[in-house]
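Quick notes on the structure that follows.
Residue numbers begin at 1 in each chain, while the letters A, B, ... track the order of the sequences.
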Amino acid sequence: MFDKTYDAAAIEPRIRKVWQDADAFRAGAGAERDAEAYSIVIPPPNVTGSLHMGHALNNTLQDVLIRFERMRGKDVLWQPGTDHAGIATQMVVERQLAEAGEPSRREMGREKFLERVWAWKEQSGGAIKGQLDRLGASCDWSRERFTMDAGLSEAVLSVFVRLHKQGLIYRDKRLVNWDPKLLTAISDLEVEMKEVKGELVHFRYPLAGKTFDPEDPSTFVVVATTRPETMLGDTGVAVHPEDERFADVVGTKVVLPLFGREIEIVADPYSDPEKGSGAVKITPAHDFNDFEVGKRHKLEVINIFDEQADVRLAGNEAFLAGIDQDAVADLIKALEGLDRFAARKWVVAKMEEGGYIEKIEPHVHQVPFGDRGGVPIEPFLTDQWYVNAKRLAGPAMDAVRDGRTKFVPENWAKTYFDWMENIQPWCVSRQLWWGHQIPAWYGPDGKIFVERSEADVRRTADVHYGTSVTFAEREEALAAWEREDDGSIVLYRDEDVLDTWFSSALWPFSTLGWPERTPELRKYYPTSVLSTGFDIIFFWVARMMMMGMHFLNQEPFHTVYIHALVRDEKGAKMSKSKGNVVDPLELMDEFGADALRFTLAAMAAQGRDVKIAKARVQGYRNFATKLWNATRFADLNECRIDPNFDPSAVRATLSRWIMTEATRTGRQVTDAIEAYRFNDAAAAIYRFTWNTFCDWYLELVKPVLMGDDGAAKAEARVTTAFVIDEILKLLHPFMPFLTEELWAGTAERAGITRESLLVHARWPKAGFEDDDAAGEINFIVDLIASVRSVRAESNVPASVEAEIVVVGASADEEAWLVQHDAAIRRLARASAISVSDVAPANAAQAVVGNVVVCLPLEGIVDLAAERARLAKEVARLEKDIEKIDSRLSNPKFLEKAEAEKVEEQREKRAETEARLDKLKAAIGRLEPAA
RNA sequence: GGGCGGUUAGCUCAGCUGGUUAGAGCGACUGGUUUACACCCAGUAGGUCGGGGGUUCGAAUCCCUCACCGCCCA
């Protein structure tokens with residue numbers, strides 16, 4: 001027996017266990033023999049992360065695809081796993097250490113610290129898996145991977161070494177985006193530009209050889225800056241080559257106030273004559289643009305900061321060169337160790353004192369922030385490892401250009417190309433400990449060995465040095481080099497790790513066992529679809545494309561489905577700081593996983609953001625209950641599945657109609673999922689289940705089920721059970737728990753054993769269809785709907801059972817009325833239904849197709865309301881006819897429109913006119929208004 | 001500054017390649033306890049499809065333009 005309501009909280013865990021015990025999600029489970037492969041790799045969530053709405057959406061859609069294809073008999077793999085999220089995870093553990101008052105990362109050392117991170121990973125790493133499980137994600141958990149697994153780490157080593165040998169990975173000294181809080185380089189993509197209210201400070205730089213006079217502009221050049229403190233590292237002033245105002249001074253020098261360095265005025269097009277004074281200070285060590293200008297003019301590079309972006313001038317050779325050291329002793333004393341912002345204040349104050357500031361304007365500008373550390377990044381000159389992304393991008397772009405990989409929606413391809421065409425070298429080294437340590441070893445002569453292991457390094461290094469090398473930690477090795485111990489050569493390994501996205505880029509093949517040639521790799525690569533958010537196209541999709549093309553010479557997926565961004569009810573991006581985060585776990589608690597999934601799928605229209613509203617989730621929870629109750633009702637009426645049911649043998653029109661509708665719905669759902677139109681698929685199954693099956697079919701079939709025609713009853717029962725089965729299948733990808741439960745429940749009640757769980761049941765194939773059945777049922781449905789509407793609008797009390805007189809019925813229609821007499825009486829609240837040639841007087845009337853339905857309720861029906869209602873419809877129809885006539889009387893329309901469109905209009909006019917005539921006659925039959 | 005997207009019922013959204021009476025859910029209003037379901041049933045109201053211009057026999061749909069909103073990139 002079915003309980004009175006569907007209890008998601010109780011049933012979901014049970015179903016989850018059923019799937020688990022059946023090993024239902026294992027790669028290839030439930031597939032047909034020699035089935036085509038269908039695979040998706042999950043976008044790996046952070047190992048210590050927890051499920052947010054974006055995950056919920058993305059994984060619901062993937063699960064819909066996966067369950068759909070699995071039911072279609074394909075050999076399906078949904079490959080799950082997590083990534084190690086280098087910076088984020090390391091930060092979490094460091095914060096924990098700080099909060100617990102334990103030794104810091106550096107105090108405890110690399111090995112100890114990594115033990116702690118692994119411990120944290122073990123402890124919290126399962127959370128997201130459990131949450132995906134909760135959502136019903138049918139991943140093959142037996143194949144779960146982690147980016148720092150042995151196998152995947154092997155892939156990383158292999159890729160790094162091979163790219164290095166191919167010259168596509170190299171070490172370079174360039175300005176990088178440096179995070180002074182996390183003390184690591186980050187890639188361009190990890191930098192977030194934020195609008196900041198700051199100041200534009202206009203400095204006066206005195207011209208060399210002139211006596212500075214704040215009142216005399218000919219004695220100085222004005223430069224504007226948002227970063228006054230960097231003047232300590234200025235090595236030039238740039239003006240535009242065609243800017244005549246500065247033609248005289250190009251090639252001469254200015255003297256930096258406060259410490260007296262002389263720097264040259266150079267002509268460079270970087271300087272924008274429209275902006276500020278037209279002259280711009282150049283600090284090559286602390287600005288990307290300035291660095292380029294400096295290179296062009298061979299300007300010095302003076303770094304004034306340490307890695308924490310605190311001022312370091314004492315002992316700073318580059319800074320001290322060329323200036324009077326005694327004169328700056330006080331300056332150094334005052335500034336040494338100040339952070340960027342304190343130094344800025346100090347410099348501005350001192351410059352002000354000397355009259356070197358022309359003005360200070362409030363200024364809103366874009367400042368680069370590290371997306372993890374949350375502090376402004378500092379361009380910093382360091383040695384880092386780079387991937388030559390430009391070379392790898394070529395084949396990756398070709399794959400999309402040639403259509404071997406398609407973006408859905410396709411306009412995202414443009415975003416992909418825009419970025420790929422302007423791609424910059426990818427900085428892959430990170431000054432972190434948590435991640436894949438870079439397989440590079442340094443020797444005392446500056447030689448760098450890039451190999452997969454110490455053993456491999458030893459082989460080449462021994463030859464290189466002509467002696468047997470040893471390995472040590474960096475400090476030790478450096479000390480050994482210092483000592484210049486004779487004969488023994490000590491190497492140390494690069495301490496840095498790789499960007500997490502480096503390992504993620506290998507995900508579509510590293511998870512399948514690459515670099516081994518595994519059967520899984522052969523079968524499931526290239527994967528079918530990659531589903532992700534647009535914000536990750538650069539970070540991940542593009543890089544997977546590059547690596548996949550380079551190492552397997554085959555694009556990693558045929559389709560990239562870009563889903564929408566999930567926003568809150570008001571359309572704001574969810575963020576913890578705004579406090580508008582909607583927690584999918586809470587929604588699942590309240591409404592069930594199925595309801596959440598259905599909501600997300602129903603709202604996932606392409607090219608739009610998803611705004612999640614609780615009322616929607618609640619509505620779809622109600623939908624789940626609706627189906628539950630419909631099934632329960634069928635059960636109460638002994639509708640039992642018959643495994644030998646033959647749809648083509650069904651005789652009753654009602655049965656033929658509902659099965660036709662089921663077939664059509666199946667086709668709609670199938671087409672929609674194939675086209676990634678999840679909202680359309682969800683809407684189709686929703687509409688069929690609720691509006692067609694529950695509201696009409698079940699109501700119409702009730703008299704049959706409760707009647708005493710045994711044969712008809714038997715057929716209605718088995719048909720009803722069959723259609724419910726079809727609904728369960730079509731709905732399963734969206735609401736897997738509820739449907740699996742009902743699949744089992746209905747089988748049990750029928751005393752049959754299912755061939756398989758629903759998760760492995762075969763997707764409905766195009767089946768029974770009968771166009772003629774629709775005509776009959778639609779007539780009955782229209783008739784009932786009209787009677788209901790007339791009754792309500794004419795203020796017929798609900799308790800009154802009205803007689804129905806149908807005027808102008810054809811022989812067929814008359815037969816239909818008899819056939820469905822019980823249903824009509826029930827649903828239209830009629831006492832009797834008769835057919836007549838003459839309409840009764842003063843009846844409420846409605847036009848249904850070719851017939852007029854009359855409710856002779858003299859004394860009960862409100863004639864005035866009745867007249868008004870009919871008049872309103874007359875007016876509407878007259879307007880329609882007017883519109884059609886204006887088309888049909890337009891010679892251009894007749895001439896240019898397709899013949900069938902014209903014919904369509906003619907038919908419509910005839911229909912409308914016939915209806916109008918009947919309505920007018922109906923009004924005529926009412927007593928004239930008093 | 002460059003690019004992308006949005007603006008349709010009170011709210012949240014559909015409406016694909018131009019011809020529909022412009023739809024759904026929620027909300028509102030009216031009525032309902034008829035033997036699955038009040039997480040329900042029946043019915044009703046509510047839209048100059050952001051403004052303007054154009055293409056077309058015909059535009060919510062295609063083009064231009066303006067306004068506002070959002071995102072990405074400089």
Side-chain angles (χ1 to χ4, degrees), chain A residues 2 4-6 8 188-189 192-193 289 366 409 411-412 414-415 418-419 422 534-535 537-538 564-565 567 569-573 591-592 595 599 602-637 639 671-672 675 677 679-680 682-683 686-687 690-691 694-695 698-699 702 705-706 784-785 787-799 801 825-829 869 873 876-877 879-880 883-884 886-898 900-902 904-905 908 912:
Chain A
F2 292 98
K4 207 160 170 188
T5 52
Y6 172 64
D188 298 346
L189 292 175
E192 217 180 321
M193 299 303 286
N289 290 312
Q366 299 283 323
N411 49 334
W412 288 112
K414 197 173 154 45
T415 304
D418 282 352
W419 189 67
N422 300 302
F534 67 85
D535 48 338
I537 292 176
F538 305 145
L565 193 71
R567 298 168 175 282
E569 249 172 300
K570 297 193 194 74
K573 198 169 169 176
F591 302 113
T599 308
M603 302 191 74
Q606 284 179 15
R608 239 205 209 262
D609 292 340
V610 175
K611 289 180 207 161
I612 189 92
K614 212 167 163 180
R616 282 300 279 268
V617 188
Q618 185 176 36
Y620 292 122
R621 186 272 319 264
N622 295 353
F623 173 63
T625 310
K626 185 73 183 176
L627 175 59
W628 178 266
N629 274 298
T631 310
R632 186 165 152 268
F633 168 78
D635 178 64
L636 291 170
N637 284 281
C639 301
D671 291 350
R677 301 181 62 85
N679 57 318
D680 286 346
Y686 180 96
R687 211 180 313 119
W690 200 317
N691 304 118
C694 292
D695 287 349
L698 287 183
E699 294 305 328
K702 271 177 186 174
L705 292 174
M706 292 165 192
I784 293 168
V787 172
R788 283 171 171 173
S789 180
V790 166
R791 286 178 57 108
E793 287 197 56
S794 304
N795 303 318
V796 177
S799 56
E801 288 204 334
R825 276 193 287 131
R826 208 184 119 80
L827 300 180
R829 300 191 67 70
R869 191 177 60 77
E873 205 188 340
R876 211 195 72 217
L877 293 182
K879 215 173 114 195
D880 282 355
K883 232 158 111 186
I884 295 171
S886 78
R887 264 176 222 155
L888 287 174
S889 63
N890 181 342
K892 285 188 170 170
F893 174 68
L894 300 178
E895 185 189 323
K896 295 197 175 177
E898 294 163 52
E900 53 186 79
K901 296 288 180 190
V902 176
E904 213 174 271
Q905 292 297 318
K908 208 160 132 191
T912 312

Could you measure between the two P atoms, the one in rU8(B) and the one in rG47(B), and give it in whole Å?
-> 15 Å
Return the value, rounded to whole Å, for the distance between atom CZ of F591(A) and atom P of rC39(B).
-> 12 Å
Rounded off to whole Å, could you give me the CG-to-C1' distance for the D680(A) and rC13(B) pair?
-> 12 Å
Within less than 4.0 Å of OP1 or OP2 of rC39(B), is there a side-chain N or O belonging to R632(A)?
-> no
With a non-hydrogen cut-off below 4.0 angstrom, is R621(A) in contact with a base, only sugar-phosphate, or nothing?
-> base
Secondary-structure stems, RNA chain B, at least 3 Watson-Crick or G-U base pairs under 3.5 Å | B:1-7 with B:67-73, B:10-13 with B:23-26, B:28-32 with B:40-44, B:50-54 with B:62-66
Expressed as a whole number of Å, how far does the C1' atom of rC39(B) sit from that of rG25(B)?
-> 14 Å
When you compare rA67(B) with rA22(B), how far apart are their C1' atoms, in angstrom units rounded to a whole number?
-> 25 Å
Looking at rA36(B), rG15(B), rG19(B), which one has an atom nearest to any side-chain atom of R677(A)?
-> rG15(B)
Using a cut-off of 4.0 Å on non-hydrogen atoms, how would the nucleic acid contact of K879(A) be classed: base, sugar-phosphate, or nothing?
-> nothing
Indicate, yes or no, whether a donor-acceptor pair under 3.5 Å links the base of rC4(B) to the side chain of K414(A).
-> no
N890(A) and R887(A): side chain donor to acceptor below 3.5 Å | no
RNA chain B: 5'-proximal contact among A785(A) and T5(A) (nearest heavy atom) = T5(A)
Could you give the distance separating rC64(B) and rG70(B) at their P atoms, to the nearest angstrom?
-> 24 Å
From CZ of F534(A) across to P of rG70(B) the rounded distance in Å is 14 Å
Would you mind classifying the nucleic acid contact of D695(A) as base, sugar-phosphate or nothing, using non-hydrogen atoms under 4.0 angstrom?
-> sugar-phosphate
What integer distance in Å separates E895(A):CD from rU56(B):P?
-> 13 Å
Length of the line joining D635(A):CG and rU35(B):P, which is rounded to integer Å = 19 Å
Would you classify R829(A) as touching base, sugar-phosphate or nothing, given that sugar-phosphate means primed atoms plus P, OP1 and OP2, and contacts are heavy atoms under 4.0 Å?
-> base
side-chain N/O S789(A) vs rU44(B) OP1/OP2, d < 4.0 Å | yes
Interatomic distance at C1', rU21(B) relative to rC68(B), whole Å | 32 Å
Between K702(A) and F633(A), is NZ or CZ placed under 6.0 angstrom from the six-membered ring centre and within 45° of the ring axis?
-> yes
Atom-pair distance (CG on N289(A); P on rA74(B)), nearest Å = 12 Å
Correct closest heavy-atom pair for L894(A) and L888(A) would be CD1-O, 3.4 Å
Closest-nucleotide 5' rank along RNA chain B - winner of Y6(A) and W419(A) | Y6(A)
Under the salt bridge (charged side-chain N to carboxylate O under 4.0 Å, His left out) test, residues paired with R825(A) that sit two or more places apart = D821(A)
Between rU17(B) (C1') and K901(A) (NZ): distance, integer Å = 12 Å
Looking only at heavy atoms, what is the nearest atom pair of F893(A) and Q905(A), with distance?
-> CZ-CG, 3.9 Å
Apply the test ring pair (Phe, Tyr, Trp, His ring centres under 6.0 Å) to residues Y620(A) and F591(A): give CA-CA distance (whole Å), side-chain angles for both, the deciding distance (0.1 Å), then the verdict.
-> CA-CA 9 Å; Y620(A) 292 122; F591(A) 302 113; over 10 Å; no
Rounded C1' spacing from rU48(B) to rA59(B) in Å | 14 Å
Just the table, please: protein N/O against nucleotides 20-31 of chain B N/O, every pair under 3.5 Å.
from	atom 1	to	atom 2	distance (Å)
rU20(B)	OP1	R887(A)	NH2	3.4
rU21(B)	OP1	K908(A)	NZ	2.9
rU21(B)	OP2	K908(A)	NZ	2.3

Residue E793(A), side-chain heavy atoms: nucleotide from rC39(B), rA42(B), rU44(B) that is nearest = rU44(B)
Between the base of rA36(B) and the side chain of E699(A), is there a donor-acceptor distance below 3.5 Å?
-> yes
If the C1' atom of rA28(B) is compared with that of rU12(B), how far apart are they to the nearest Å?
-> 16 Å
Provide the closest heavy-atom pair for W628(A) versus T5(A) in the form atom of the first, atom of the second, distance.
-> NE1-C, 3.5 Å
Closest nucleotide among rC72(B), rG19(B), rA36(B) to the F893(A) side chain = rG19(B)
For atom CZ of R791(A) and atom P of rG32(B), their distance in whole Å | 12 Å
Between rG23(B) and rA9(B), how far apart are the P atoms? Round to whole Å, please.
-> 14 Å
Steps toward side-chain contact (heavy atoms from CB on, under 4.5 Å) verdict (V787(A), R829(A)) = CA-CA 9 Å; V787(A) 172; R829(A) 300 191 67 70; over 6 Å; no
Contact summary for A630(A) and C694(A), nearest pair of heavy atoms = CB-SG, 3.7 Å
